[in-house]
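Labels below follow one simple rule: chain letters A, B, ... track the order of the sequence lines, proteins then strands, and each chain is numbered from 1.
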Number of protein chains: 2
Amino acid sequence: MDKDNDQDAQEPYRLDRQVGFILRRASQRHLSIFSELIPEVTPTQFAVLAKLVETGALSQNALGRITAMDAATIKGVVDRLVKRGLLTTVRDDKDKRRMIVGLSKEGRALYRELEPRARLITEQTLAPLEQHEQEAFLAMLARIC
Amino acid sequence: MDKDNDQDAQEPYRLDRQVGFILRRASQRHLSIFSELIPEVTPTQFAVLAKLVETGALSQNALGRITAMDAATIKGVVDRLVKRGLLTTVRDDKDKRRMIVGLSKEGRALYRELEPRARLITEQTLAPLEQHEQEAFLAMLARIC
DNA sequence: GATGAATTGTTGGTATGCAAACGGATTTTG
DNA sequence: CAAAATCCGTTTGCATACCAACAATTCATC
């Protein structure tokens, strides 16, 4: 008798075995490491700085798209970074709906200071896994996005 | 010449390669699947219902601990579920600080209705991975918590 | 070139999530 | 037993996150 074929032999639903729940706890641990190593900004704020360094100035919504934030979310993040003087915004002349968001000198300087620590965050978060596991894990994680 | 030993041959920092960023996107996809299949409650609210079914009534803070929510967060979640009539709360006689949180009849009934769909959520979220990959992935994910 | 469709940014509402501070109850310890 | 430490629940403040609705602008199409 195969136990998988026992009628009504349903596995109990265990919360700690569900992806969603484990994902949330992993995010919590990552956040904890992040704010330990980089107390200056939040992960989403850092994502904005990093993407602007990668790609240069962008419209606010486009910035939201490549950092995976919806229009309402990116607005709040940009507003707070502008208020801290890390970003600058200019209305686009060619498309008067657009706000072009770019790094200020302070924003660029802060990013240079934080980048090495950001590398450590990924390292520490993945530390429980062996080197070859880390690559396999990241590849699979990226596939379920 | 090993490229890993080239002096200053630092890999550029790529946001899309960092655990934190990919974790966030994976959570977003999971949330999207969740609210598609279970629009009635949020993932955290469902976690509370599921844990109460697993373990029976608990004090509010204890409930928060096993569902990975801090005291401030679990309070909001419990309040909203009580307001909807899915949970009941009673002061503990033996320890007058404690609020014992339990499922109401409606809460239990709703959970029974949702559980099958909750299984589908995990299934669909992991669908991009092969069966054996899913197990390896969940095991590694659990290790970085 | 007018008009319907799509895009951009904004606002308001709801729901996590964490930190810090607080009063009250209980436990530990000297 | 009394003081100290801890635990419980609460509140406030801040920062994501998503949805839905909206006005202004631009685009697509006829």
Under 4.5 Å between side-chain heavy atoms, counting indirect links through other Ile/Leu/Val/Met/Phe/Trp/Tyr residues: same cluster for A:Met99 and A:Leu103 or not? no

D:dA24, OP1 or OP2 - any side-chain N/O from A:Arg98 closer than 4.0 Å? no

Which part of the nucleic acid, if any, lies within reach of B:Thr73 when heavy atoms closer than 4.0 Å are counted: base, sugar-phosphate only, or nothing? base

Remember a base hit wins even if backbone is also touched, and classify A:Asp70 as base, sugar-phosphate or nothing at under 4.0 Å, heavy atoms. base

Distance in angstrom units between A:Leu31 CG and C:dC18 C1', rounded: 8 Å

Considering every strand and a 4.0 Å limit on heavy-atom distances, what is the contact class for A:Arg91: base, sugar-phosphate, or nothing? nothing

Sorted by number, residues from residues 45-60 of chain B placing a heavy atom under 4.0 Å from DNA chain D are B:Ser59, B:Gln60

Decide yes or no, distance alone: a donor-acceptor N/O pair under 3.5 angstrom between the base of C:dT7 and the side-chain of A:Arg97. yes

Taking atom CD as the centre, does B:Glu36 end up with more than 12 heavy-atom neighbours from other residues, nucleotides or ligands that are less than 6.0 angstrom away? no

Taking atom CD of A:Glu135 and atom CG of A:Leu126, what is their separation to the nearest 0.5 Å? 10.5 Å

Hey, could you give me the CG/NZ distance between B:Asp70 and B:Lys75, rounded to the nearest 0.5 Å? 12.5 Å

Less than 4.0 angstrom between a side-chain N/O of B:Lys75 and OP1 or OP2 of D:dT10, yes or no? yes

Most 5' of A:Pro43 and B:Ser35 on DNA chain D, judged by nearest nucleotide: A:Pro43

A:His30 atom NE2 is separated from C:dC18 atom P, nearest whole Å, by 14 Å

Rounded to the Å, how far apart are A:Asn61 CG and D:dT26 C1'? 14 Å

Would you kindly give the CE-to-P distance between A:Met69 and C:dG9, to the nearest whole Å? 14 Å

Length of the CG-P vector between B:Asp79 and C:dT16, whole Å: 11 Å

Side-chain N or O of A:Arg65 versus OP1/OP2 of C:dT8: is the shortest distance under 4.0 Å? yes

Is it true that A:Asp79 and A:Lys83 have a side-chain N and a carboxylate O under 4.0 angstrom from each other? no

Short side-chain N/O contact from A:Thr42 to OP1 or OP2 of D:dT16, under 4.0 Å: yes

Separation of A:Arg29 atom CZ from C:dG17 atom C1', in whole Å? 18 Å

What is the distance, rounded to the nearest whole Å, between atom CG of B:Asp92 and atom C1' of D:dC7? 13 Å

Quick check: does any side chain N or O of A:Ser32 sit under 3.5 Å from a backbone N or O of A:Gln28, one acting as donor and the other as acceptor? no

Can you tell whether the side chains of B:Arg17 and B:Glu11 come within less than 4.0 Å, N to carboxylate O? no

Whole-Å distance separating the CG atom of A:Leu23 from the P atom of C:dG17: 12 Å

Take A:Arg80 and A:Lys94, find for each the nucleotide of DNA chain D with the closest heavy atom, and name the residue whose nucleotide sits nearer the 5' end. A:Arg80

